[in-house]
Amino acid sequence: MVDRNLEFEITKIVDSRVLRGSLQYLVHWRGYRTEERMWVRASNVNSNRLVNAFHRSHPDKVSHGYPKVTPCFRCCLMVTYLPFK
């Protein structure tokens, strides 16, 4: 990840989530403690190797192909009725 000419090295991706429609990774920084891990937008993670390794190890976790529609109170209560033939 690059921030104003400073580059921070990610040593491991620990988790993934979708927040407000944006894929994020929980990353562990080189030289920092576990409690200093941070959620980072996927577009700011510059290591395909770490992303691929994370998803190979955690195939059940959210990835770039996450569903565009996420469950919410309204859609979970929607029921589709099909006509009988």
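Everything quoted here is computed from the prediction, not taken from an experiment.
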> Can you name the residues that form a salt bridge (Lys or Arg N to Asp or Glu O under 4.0 Å) with Lys12, not counting sequence neighbours?
Replying inline: none

>> Checking Arg30 now: which residues fulfil salt bridge (Lys or Arg N to Asp or Glu O under 4.0 Å) with it, not counting sequence neighbours?
In response: Glu9

>> Working to the nearest 0.5 angstrom, can you tell me the gap between Leu23 CG and Ser43 OG?
In response: 9.0 Å

> Which distance, rounded to the nearest 0.5 Å, do you find between the NE2 of His55 and the OG of Ser16?
Replying inline: 5.5 Å

>> For Tyr25 versus Val45, what's the shortest heavy-atom pair and its separation?
In response: CD1-CG2, 4.0 Å

>> Whether the Gln24 and Arg17 side chains hold a donor-acceptor pair (N or O, under 3.5 Å, no angle test) is what I'd like checked.
In response: yes

> So, do Trp29 and Arg37 sit near enough that their side-chain heavy atoms are less than 4.5 Å apart?
Replying inline: no

>> Could you see if Ile10 belongs to whatever hydrophobic cluster contains Val14? Use Ile, Leu, Val, Met, Phe, Trp, Tyr and a side-chain cutoff under 4.5 Å.
In response: no

>> Give me each pair satisfying salt bridge (Lys or Arg N to Asp or Glu O under 4.0 Å) with a member in residues 19-28, each pair once, sequence neighbours excluded.
In response: none

> Are the side chains of Lys61 and Asp15 in touch, meaning some heavy atoms are under 4.5 Å apart?
Replying inline: yes

>> Contact between Phe54 and Val27 at the side-chain level, heavy atoms closer than 4.5 Å - yes or no?
In response: no

>> When you group the ILVMFWY residues by side-chain heavy-atom contacts below 4.5 Å and let the links chain together, are Tyr32 and Leu50 in the same group?
In response: yes

> Is there a chain of hydrophobic side chains (I, L, V, M, F, W, Y, each step under 4.5 Å between heavy atoms) that links Val40 to Val18?
Replying inline: yes

>> Rounded to the nearest 0.5 Å, what separates atom OG in Ser22 from atom CH2 in Trp39?
In response: 11.5 Å

>> Run the ring-ring contact (aromatic ring centres under 6.0 Å, His included) test against His28 and tell me which residues pass, sequence neighbours left out.
In response: none

> Who passes salt bridge (Lys or Arg N to Asp or Glu O under 4.0 Å) against Glu36, sequence neighbours left out?
Replying inline: none

> Can you name the residues that form a salt bridge (Lys or Arg N to Asp or Glu O under 4.0 Å) with Arg49, not counting sequence neighbours?
Replying inline: none

